[in-house]
Amino acid sequence: MMTSILLRPRLAVGCIFLVVCAAARSFGDERTPADLLPQTTMAFLEMPRPDEFLPVVEQHGLVKRLLALAPVRTAMQKNEYVAFRGVLALVEVQMELPWREVVRRGIGGGLAIAFDKETGGVVLIAKTTDGSTHAKFAEVLTNLVALDAQNKAKDNPVAASEYREQKVYSVEQIWVATVADWVVAANRRELHHQVVDRILDQSNGSLAEDSQFAEARKAANPSAVVWGYANLAAVRDAGIASQAFAERTENPLAEILLGGIVSTLRQTPYVTVDLVVRDDGIEISASAPHDRSWAGDLREHYFGPQGLGAAPPHLDVDDAILSIGAYRDVSSMWLRAGDLLDEQANEQLAKADSDLSTLFAGKDFGEDVLGAFGPTLRLALTRQTFAEGQPAPAIKLPAFALVADLKDSAESQPELRRTFQSLIGFFNIVGAMNGQPQLDLSTEKFEGIELVTASHVEDKEATDPEKLRINYNFSPSVAFADGRFVLASTKELAVALATAPASKGAAEDVSRVANSRAELRFDALRETLADNREHLIAQNMLEKGHSRAVADEEIGVLIDVTQWFDRLELQLDTTPRSMQASANLILRPADEYDQK
Amino acid sequence: MPSAPTMIDPVWAWQPFSPTANEPWDRTLVAHLFRRAAFGATPSQLEAAVAEAPEAVVDRLLQTAEESSSFRDESDALAATLLSTGEPRQLAAWWAYVMLNTPHPLLERMTLFWHGHFAVSAAKVTDAALLLEQNRTFRRAALGEFRPLVHTVARDPAMLLYLDSATNRKARPNENFARELMELFCLGEGHYSEKDVQELARCFTGWEIKQGKFRFNRFQHDGGEKTLLGRSGVFPDGEAIDWILDQPQAAVFIVGKLYREFVCDEPAPDPQLLQPLADEFRKNDMQIAPVVRRVLTSRLFYSAHSRARKVRSPVDAAIGLLRTFEGTANTHRLAADLQQNGQGLFFPPNVKGWEGGRAWINSATILGRANMAARLVGDEKMRFGGGTLGEYFARHGAVAPDQVVDLAATLLLASPLPAKRRDGLIDVSRNSKDPARRAADVLRALATLPEFQLC
Amino acid sequence: MTSSRRRFLKQLASGSAVMSLGARVPAFLTMAAAAEVTPQSDAILVVVQLTGGNDGLNTVIPYRDDEYYKARPKLAMPAEDVARINDQFGFHPAARGLADLLQAGKLAVVQGVGYPQPNRSHFESMDVWHTCRRKGGPRTTGWLGRFLDDMSPTPGRDAPAIHVGSEKQPLALAADAVRVPSLASPEEFRLESNDRQLGNLIDEVGFHEAPHADALLEYLTSSTTSAFSASKRITEALGSDDSPVKYPETELAARLKTIAQLIDAGLSTRIYYVELDGFDTHSQQAAAHAALLRQYAGAMSAFMEDVAHRGHGDRVLTASFSEFGRRVAENASAGTDHGAAAPVFLCGAHVRPGLTGEHPSLVDLDDGDLKHHTDFRQVYATLLERWLQAASSPILGGRFEPVDVLSA
């Protein structure tokens with residue numbers, strides 16, 4: 001029964017790999033997996049020191065929290081997991097070692113997976129730290145599988161053969177062998193042979209000797225537990241994912257967010273990835289050589305005229321859920337759209353241009369309207385709070401705001417104000433036809449700040465003033481302060497942003513700038529979810545067919561999980577020679593979380 | 001439409017059905033009752049009801065006075081939460097959820113019946129709060145008294161907005177509501193004159209909707225004398241409604257609609273056949289439950305004149321399929337599927353409601369129903385009696401292919417499954433070894449059969 | 001019709017085309033043949049609604065008229081750019097596809113279409129076009145819906161009309177008794193699980209074994225059989241899409257292609273309805289309007305070529321309208337505002353190609369708008385009587401003289 005799981009080929013390969021890993025004997029070989037791979041390797045991912053890393057993972061706070069989660073505990077009682085534990089137990093008995101130790105010894109000298117362009121194959125290479133006497137277990141296990149198959153009158157899925165006097169096991173076009181310190185598994189026989197040859201022959205011309213690879217590896221973060229490399233030049237030549245490298249996109253939003261990254265990926269020779277695990281979080285970053293001349297003027301809106309356009313600092317507001325800051329010259333992007341977007345998107349844009357120009361009283365949207373703003377953008381999404389007893393919407397949406405600098409506030413301020421006022425008038429006319437509540441405009445000036453707000457008139461029909469309809473989340477407002485333009489979904493947020501001290505972007509190191517950055521804060525996110533708990537439960541009931549109790553539990557888990565994290569930071573940095581995108585997930589300190 | 005008048009003896013028809021050796025109270029008849037009155041029976045309900053007397057089972061279905069308040073509270077709270085989105089489509093998903101989970105399916109079925117009778121579409125009346133209020137009105141009165149229901153509907157904001165009667169001035173009476181009140185709600189075509197429409201419209205002048213609420217504007221009301229259906233008078237305060245309901249035709253018209261709802265789509269009943277029901281309706285002060293009880297316990301209802309004589313509505317097809325196997329569903333998706341198949345909840349096609357019968361069927365809806373059924377039983381995230389569909393069938397003793405097919409056919413089909421089709425379904429069930437997939441395959445295939453479209 | 005038979009007929013058709021090239025049929029014979037073509041009972045009408053108010057004046061352009069250049073200082077098309085129809089009028093250069101259709105003798109332009117006391121609200125004017133009723137009275141059915149009610153289609157079979165699109169169904173299709181399905185894609189018109197057993201299950205117990213005594217069950221059995229056969233044909237039409245016609249990659253083109261596939265699958269559907277939105281060009285009109293016309297004309301010419309290639313050219317007619325045209329004078333935002341009379345476009349093998357009716361005068365205006373000389377209900381009367389073979393008066397609520405624009 002228990003061994004029947006071994007008949008599932010993938011699992012069988014995994015088990016055999018595990019056992020042969022543990023069985024391989026160490027010969028004090030100083031080579032790394034990159035020394036064993038061909039130069040035609042297109043992608044390479046390596047965990048150089050698993051023996052240090054695996055215990056860290058096991059002890060990591062995030063893993064503990066995950067294992068303590070109710071749905072995970074339930075899943076661990078399911079048949080599949082129990083069967084898996086059974087196989088592990090079997091291995092432990094045979095190896096006379098706990099399975100963790102088996103893994104540690106088996107792959108402790110390093111683990112790598114690579115994709116080879118030449119053969120189109122994937123190869124997995126592991127180095128053992130322990131040369132003790134476990135070799136026979138490879139055979140024990142394969143015998144076990146064979147026996148199980150025999151009992152069920154099926155063909156033995158494992159075939160054994162030899163290559164250069166090394167024993168090779170194969171299951172469904174996957175070849176596994178242990179050679180000296182190494183265990184090699186590949187899904188192409190030629191690739192498998194090549195790697196085994198290198199182990200035995202110590203031949204030249206490996207990936208490690210490739211100059212581009214060597215250059216990339218030199219720059220690797222020494223504390224990275226996982227390091228990856230992709231030869232993008234080769235990827236592009238092979239025509240893989242050509243869609244992703246397309247010069248013109250169909251999606252304007254993708255161009256705003258990723259246009260600069262894609263333009264670099266179209267040219268850069270390679271990209272590397274580092275994964276760093278700290279006690280308080282995980283950081284993953286991708287770096288690539290970058291040269292601002294590659295994109296020419298086409299992506300000036302993205303990188304700035306010197307290629308060093310810098311994102312402004314995050315907006316300073318309370319209860320921020322998401323904050324985004326970026327260097328983007330939207331006006332020049334709008335005007336260059338012909339070269340950036342594909343035919344269809346441009347036709348859509350032409351229509352949008354006509355509609356928007358109508359809205360903006362006949363001004364040209366790209367040139368006159370967007371052209372009034374400086375090349376930096378900031379966006380904030382914040383939790384809305386409502387005082388007890390005060391009118392409040394039943395569904396509490398986050399407030400959001402956009403902040404941009406005005407090139408010439410004397411000229412554009414009156415224009416923008418008028419446009420906003422006529423827009424509110426337009427909303428009121430359309431809203432009245434659809435039975436929506438009306439907006440009331442008012443203007444305030446104080447301390448050099450001009451504020452135009454539109455608030456919904458009081459809903460006299462409402463039966464429960466704390467459960468107003470969704471419209472009451474909005475009091476659209478604009479503010480002008482110190483050359484800044486604030487467009488916010490609520491008056492409160494507009495005021496907060498207009499009165500916040502204007503923090504000028506302190507460009508301390510001009511050789512490396514953050515082009516774009518975003519921060520997601522989990523405390524405010526969690527509270528927003530909790531504010532809307534009833535509504536989330538209702539949607540969960542309708543979408544999943546759950547009873548209220550089950551829906552309540554699921555939403556509870558969702559909110560609970562957000563307590564694990566403090567924030568997620570995303571950043572895109574550029575230097576004159578490189579570009580780096582990173583994601584940094586920071587956990588909430590354990591003591592803070594465990595108090596809950 | 002083929003409607004060869006079959007003479008049915010009215011006396012025989014409405015006598016209480018009592019089981020005999022030839023016509024035993026068996027699973028076939030119980031399943032028939034539950035399909036018509038309760039969106040289908042689960043295997044356990046079927047077994048329990050077979051052991052009881054027909055009247056006892058019908059009485060329990062009608063038992064809504066002490067409706068379990070916990071479900072009502074839960075569903076009210078759910079509706080209130082969804083209302084804040086202001087989106088009628090959210091209400092459609094909510095109602096599908098209620099139909100799926102209610103402990104009182106007959107009440108919900110009758111609520112849907114009145115929604116089709118007093119049809120108002122969210123395509124025009126977009127205020128979800130008004131639609132929900134109207135839906136609650138229908139549910140409260142679903143098995144109650146017809147007369148107060150009509151009075152409430154005549155002042156119902158959603159209805160008056162739908163029929164452009166939100167303003168109704170003395171100088172220009174709006175005939176729309178007056179006409180529909182007689183033609184569609186109370187009497188039927190041919191039982192009033194154009195003059196009656198004009199006179200009735202005068203009675204409703206000054207009945208207005210202001211900011212979502214009914215208001216009587218005495219300055220716009222025509223207080224003069226009118227002559228309506230042969231009687232002259234001022235008809236203040238909706239007295240006209242009472243006069244219309246006093247017409248003998250009113251009772252015949254309503255029991256006729258109930259007849260079509262519960263007994264058969266076609267042929268149209270002979271007036272004489274309806275008369276005993278109309279008398280019963282009148283005798284009980286136009287209370288709905290006694291008529292429904294009379295129908296559901298009658299000889300006619302359990303005879304060949306009624307069994308398999310209705311085309312399943314999309315709601316019957318979907319909710320019936322799920323309730324029979326205690327299934328859950330993504331009701332947003334389900335509501336959209338119902339709309340695609342011609343029965344969007346809160347979106348009837350026009351003031352006449354859904355025509356029903358053969359009109360449900362065309363090649364687009366046949367395929368749409370098959371696709372809907374495939375989604376309902378094929379969604380692996382959904383639960384049937386708390387587990388997988390395979391576990392559900394196994395719990396009720398259906399493991400082998402023929403057992404699965406037979407259980408599904410007994411519960412779902414109103415007419416016998418031809419042997420060749422049964423073989424075909426057994427073949428289908430052999431496609432998969434996984435019990436959940438196997439059961440889903442059978443149900444999916446079964447739901448595409450013409451036999452399944454009968455109810 | 002099975003697909004092999006259809007293919008055979010196609011080959012036959014192309015074969016006879018080759019033969020006719022060799023034989024050089026005398027011209028008077030082909031003309032006689034054309035004149036004899038009478039509306040067929042399987043004639044199909046495809047309605048294309050240009051939502052938002054198409055600027056007719058910049059679609060069919062009076063490039064010799066000085067008034068045009070005076071009224072449109074920013075938006076006028078230079079005479080040398082228009083795709084010429086004759087020595088006075090030409091199409092907007094983006095509407096190249098329309099010029100191609102005209103060249104092929106498949107396009108008729110009915111000029112100056114509108115109605116008395118035009119309403120300039122989108123919703124109201126669209127409702128007038130859809131229902132043929134003015135505000136005030138009940139407007140629950142549309143002109144096509146009333147046609148469907150009158151033709152009383154066999155219930156249980158293919159839908160008599162199909163709206164292809166995901167937007168709200170147009171009021172024009174609202175009927176008393178007939179329900180029109182809306183499909184966003186042909187996928188919705190076929191079984192999602194493409195499993196042969198299911199088909200066999202239905203086929204095996206077809207008419208032969210169905211208990212004939214039960215009329216309702218027989219009705220359902222024949223409906224199911226016909227639905228499955230439709231699904232099968234559509235699946236085939238989608239799978240073996242051997243039409244070499246390449247449609248532009250636009251939404252309208254994709255929808256028209258769906259219609260071509262449904263027609264080719266042999267559905268008995270008579271009416272198809274699609275929309276192209278965005279014609280409300282109040283400012284910066286030039287680029288937006290050009291993009292719309294390019295999309296419209298490109299999709300139309302591909303569609304007409306495709307249906308002809310698939311062998312249905314003789315029985316498909318498309319009619320394109322907009323709820324109103326736009327004002328003669330452009331506004332200060334390089335756009336145009338809501339107007340009145342505008343052209344209607346009819347495409348098909350049986351139109352009298354070219355312009356029908358005068359281009360409305362640019363001087364004799366009604367409050368700044370072009371005056372109509374042809375009531376839109378006359379166009380409807382033409383379509384109903386001379387193409388769909390239906391009595392038009394009861395549908396349109398009165399007698400309207402058809403326009404002489406179809407070659408029959």
Side-chain angles (χ1 to χ4, degrees), chain B residues 1-2 4 123 163-164 175-176 179 264-267 308-311 339-342 349-352 354-355 357-371 374-375 378 414-416 418-421 423-425 427-428 430-431 441 444-446 448-454, chain C residues 136-141 153-160 162 168-169 174-184 187-193 195 197-205 209-211 214-231 234 267-269:
Chain B
M1 214 167 260
L163 292 181
D164 304 307
E175 294 177 9
N176 220 356
R179 179 184 306 280
C264 63
D265 286 339
E266 52 191 57
R309 307 299 309 183
K310 272 183 73 70
V311 177
Q339 180 113 30
Q340 183 72 24
N341 283 301
N350 53 39
V351 67
K352 290 188 201 130
W354 293 284
E355 194 183 332
R358 295 185 184 219
W360 288 127
I361 302 296
N362 61 44
S363 48
T365 59
I366 290 265
L367 299 170
R369 283 173 177 223
N371 291 336
R375 274 193 284 275
S415 74
K420 269 209 159 169
R421 290 235 214 274
D423 294 345
L425 288 172
D427 255 7
V428 167
R430 294 214 170 93
N431 283 351
D441 282 348
R444 183 167 58 80
L446 190 77
T448 61
L449 296 182
E451 286 81 2
F452 177 78
Q453 314 308 344
L454 286 177
Chain C
R139 286 198 294 210
T140 53
T141 59
T154 318
R157 296 307 172 87
D158 296 340
I162 294 178
K168 192 179 161 192
Q169 195 169 93
D176 260 335
V178 176
R179 296 276 83 81
V180 174
S182 283
L183 303 170
E187 304 299 319
E188 287 175 32
F189 208 85
R190 48 188 280 226
L191 284 181
E192 275 166 22
S193 60
D195 128 19
Q197 268 176 319
L198 221 53
N200 293 343
L201 197 61
I202 302 301
D203 288 345
E204 263 172 29
V205 193
E209 292 185 36
D214 189 332
L216 208 51
L217 186 55
E218 192 192 330
Y219 166 79
L220 291 166
T221 306
S222 69
S223 303
T224 307
T225 313
S226 98
F228 271 64
S229 121
S231 164
I234 288 163
L267 292 195
S268 59
T269 304

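To find a chain, count down the sequence lines: A is the first, B the second, and so on, and within it residues start at 1. In this text, all values refer to a predicted model and were calculated from it rather than measured experimentally.
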Using 0.5 Å steps for rounding, measure from the [atom1] atom of [X] to the [atom2] atom of [Y].
X	Y	atom1	atom2	result
B:Asn350	C:Arg179	CG	CZ	5.5 Å
B:Leu367	C:Leu183	CG	CG	10.0 Å
C:Thr221	B:Glu451	OG1	CD	6.0 Å
C:Asp158	B:Asn362	CG	CG	8.5 Å

Against chain C, label [X] side chain, backbone, both or neither, depending on which of its atoms sit under 4.5 Å from a heavy atom there.
X	result
B:Arg375	side chain
B:Lys310	backbone
B:Asp427	both
B:Leu163	neither

For chain C, find which of B:Pro349, B:Ala370, B:Ala359, B:Gly378 contributes the most heavy-atom pairs closer than 4.5 angstrom.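 Option with the greatest count: B:Pro349.
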Most contact-rich option vs chain C, by heavy-atom pairs under 4.5 angstrom, among B:Ala364, B:Gly342, B:Ala123, B:Gly357, is B:Ala364
Which heavy atom of [X] sits nearest to which heavy atom of [Y], and what is that distance?
X	Y	value
B:Ser363	C:Ala159	OG-N, 4.0 Å
B:Ile366	C:Phe228	CG2-CE1, 4.5 Å
C:Asp214	B:Ala308	OD2-O, 4.5 Å

I'd like to know if the side chain of B:Gln340 reaches the main chain of C:Ser182, judged simply by a donor and an acceptor atom lying under 3.5 Å from each other, with no hydrogens or angles considered.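 Indeed, once roles are kept as given, a pair shorter than 3.5 Å links the two residues.
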Kindly indicate whether the side chain of B:Arg358, heavy atoms from C-beta on, has any atom under 4.5 Å from the side chain of C:Leu220.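 With C-beta onward as the side chain, the pair stays apart.
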Just so I know, are the side chains of B:Thr448 and C:Thr224 near enough to count as touching, which here means a heavy-atom distance under 4.5 Å?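 When only atoms from C-beta onward are counted, C:Thr224 and B:Thr448 do not touch, as no gap falls below 4.5 Å.
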Given heavy-atom pairs under 4.5 angstrom as the criterion, report whether the side chain, backbone, both or neither of C:Ala177 touches chain B.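 Both parts, heavy atoms under 4.5 Å.
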Below 4.5 Å, heavy-atom pairs only: which of C:Thr141, C:Asp176, C:Thr140, C:Ile162 has the largest tally toward chain B?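 Of the options given, most contacts go to C:Asp176.
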